[in-house]
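Worksheet for the structure shown next.
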Protein chains: 2
Amino acid sequence: MAYDYLEMLMYIAKKAGVFKALEISTIRIAKELKTSQQTVSRKLRDMEKLKLIKRTATQKGLLIQLDANGRDFLKQHHSNLGNIFAEKEEVTGIITKGIGEGRYYVNLPQYQKQFKEKLGFKAYPGTLNLRVKQSEALEFISSLEAVEISGFETKDRTFGKLTGYKIRINNIKGAIIIPERSRHEEGIIELIAPYDLKKKLGLKDNSRLKIQK
Amino acid sequence: MAYDYLEMLMYIAKKAGVFKALEISTIRIAKELKTSQQTVSRKLRDMEKLKLIKRTATQKGLLIQLDANGRDFLKQHHSNLGNIFAEKEEVTGIITKGIGEGRYYVNLPQYQKQFKEKLGFKAYPGTLNLRVKQSEALEFISSLEAVEISGFETKDRTFGKLTGYKIRINNIKGAIIIPERSRHEEGIIELIAPYDLKKKLGLKDNSRLKIQK
DNA sequence: ATTACTAGCGAGCGAGTAA
DNA sequence: TTTACTCGCTCGCTAGTAA
C-alpha cells in the first residue's frame, strides 16, 4: 500500500512541491529521514514502479518529482484529513439550571472590564448553562479562537483565569466561558451575553438552544 | 516514528472523528485494513504507549479514541499537506513574440461567441505570449477552474477545442487559452483579454508581466 | 562522488492458543 | 465471543562492496 511510502512521498512533496523536480542524493534523504542509503534507494525504485514518483539518474544523484499516482494519493489523503478536521459550525444543547454563582463572578468589575475589551460586550450578570455532548462541544470549541481573560487577586481571595470563545446565539454576540480550574462537570458549558438570554429568547430550563460560530 | 502508525490513526480518526470514542474489535479493524488481528492488537498497544490513542477494553472489543499526540500528529501532517497544495495566487513571466496566428484564431466568430458567453468578454484579436517557468505555471493553472471552449468545423478545416482559465492582468479580466492540441512549446502560455494588453499597459516584448487569480 | 546488488540478520508478522 | 501471549518464519533493513 502507498502508506508504506507516505513518509518519503511527503518528504519529496515538501522539498519539490507538486510539480517541480528535486535533485538530491539517496544519502542525503537517508540522513534526513534517519534510515540507510540502501533503504532509500530501494524504496525510491519501488515508488517509481508504483508511479508514485518519477526518477532519473544524474551525476550528483537523482532527479525526483511526484508522478500522477503520488499526486493523487497525497491529494486524496489531504482531503480525508480535511474531512476529519472539518470545523463544526454549531452545537445544540439543553439549558440547565446553574449552580447560581455565575451571577456573582461575571459581574466582578475586573472581569467585566476585560469582557468589554476582549469580547466586545459587557455581560449580563449571570451565566446560561448548556448541557451538550462533550465530544461535539470539544469539536466546536476547538475551531474557535481562544480569548484569555486574566485572573486577579483581592485581599480576600484569588479569582482564576478564564478562557472565552466568541460565539453567536440567535445572532446575539455571546461567549463560552471556561474557568481555568473548572468548577463544572464535563458536558456543561457556560455562556455569557450582553442580555438575559432566557428572557430575551423566551427560554426555560430544559429548552433546546443552538450556539454558532 | 508516528508514520508507522499513520494508516491506523487515519482509520480511527475517520471512524471516530477527532474527539469521539469508537467501540470496535481488533478483528474488524484487521479485516478492513487487510492485516491480522494480532498485528492490530499489537499496534494499538504500541500506539497507546506513544499516547497516539486512548484504549479501553470492553465486552465487545475496545473503546478507542485519539489522544493528544495522535491529534497533534494528524494536525501537523494536515498542515504540511496544506502547504504542499497551497494554491499559487499568481505567476510572473516575460512577454514573448508570438507566432502571429493568434490574431486569426481568436477573432473567429465561433470562438468569440463562446469567449463572450463563457469567459465574459469579447477578446481583442491577438494573443499575448508569456514565457513562464513551466512548473510554476502548472501549479498556478491547476488551481483555476477550466472553461471549455468547443471546437468547430468549417467546410475547409477543423478548429480544435480550447481550454480557458479566467485570470486577471493588472485587474483586467483575461484568460489563459490552451489549445487541446497545443502548437506551443512548454513554458509559454497564451493570454487573451478584452483589450490590446501591450498598448493598454505600455508593455513591450521582454517586459515582465504578472498574472493573478 | 554516486546508485544499487548481495547477503546476513533482526524486527515485525501471523498462526496457534491461553485467558 | 473477545484480547493478547508465544513462537517460528518471513520480509525488509543495513553492511559491504561492485559498478
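The chains referred to below are lettered A, B, ... by the order of the sequence lines, with proteins before strands, and numbering in each begins at 1. Atoms considered below: every heavy atom in the structure, side chains included; atoms not considered: hydrogens, waters and symmetry mates.
- A salt bridge links K20(A) with E139(B): at least one charged nitrogen is closer than 4.0 Å to a carboxylate oxygen.
- Computed from coordinates, the K43(A) NZ to dA4(C) P distance equals 16 Å when rounded to whole Å.
- In this structure, K60(A) places its NZ atom 13 Å from P of dT3(C), rounding to the nearest Å.
- When the C1' atom of dT2(D) is taken as reference, atom CD1 of I29(B) falls 13 Å away, rounded to whole Å.
- Nucleotide dT3(D) holds its C1' atom 14 Å from the CG atom of D46(B), rounded to whole Å.
- The phosphate of dT3(D) has neither OP1 nor OP2 within less than 4.0 Å of any side-chain N or O from S41(B).
- The side-chain tip of R157(A) points at the ring of F159(A) from less than 6.0 angstrom away and within 45° of straight on.
- Contacts of T35(A) with the nucleic acid, taken as non-hydrogen atoms under 4.0 Å apart, involve only primed sugar atoms and P, OP1 or OP2.
- For the pair I64(B)/K54(B), no side-chain contact is recorded, criterion being any heavy-atom separation below 4.5 Å from C-beta on.
- For R45(B) and dT6(D), the CZ to P distance is 10 Å, given to the nearest whole Å.
- D67(B) and K51(B) are not joined by a salt bridge, as no carboxylate oxygen comes within less than 4.0 angstrom of a charged side-chain nitrogen.
- Listed nucleotides dT2(C), dG14(C), dA4(C) differ in distance to S25(A); the shortest reach to its side chain belongs to dT2(C).
- Computed from coordinates, the L33(A) CG to dT14(D) P distance equals 11 Å when rounded to whole Å.
- Going from atom CG of D4(A) over to atom P of dC11(D) covers 14 Å, rounded to whole Å.
- As rounded to whole Å, 19 Å separates atom P of dG12(C) from atom OH of Y3(B).
- Nearest nucleotide to the side chain of R55(A), out of dA15(D), dT3(C), dT3(D): dT3(C).
- The base of dG12(C) lies outside donor-acceptor range of the side chain of Q38(B), with no N or O pair under 3.5 Å.
- No donor-acceptor contact under 3.5 Å links the side chain of Q59(A) to the base of dA1(C).
- Note: Q212(A) CD to T92(A) OG1 = 8.5 Å, rounded to the nearest 0.5 Å.
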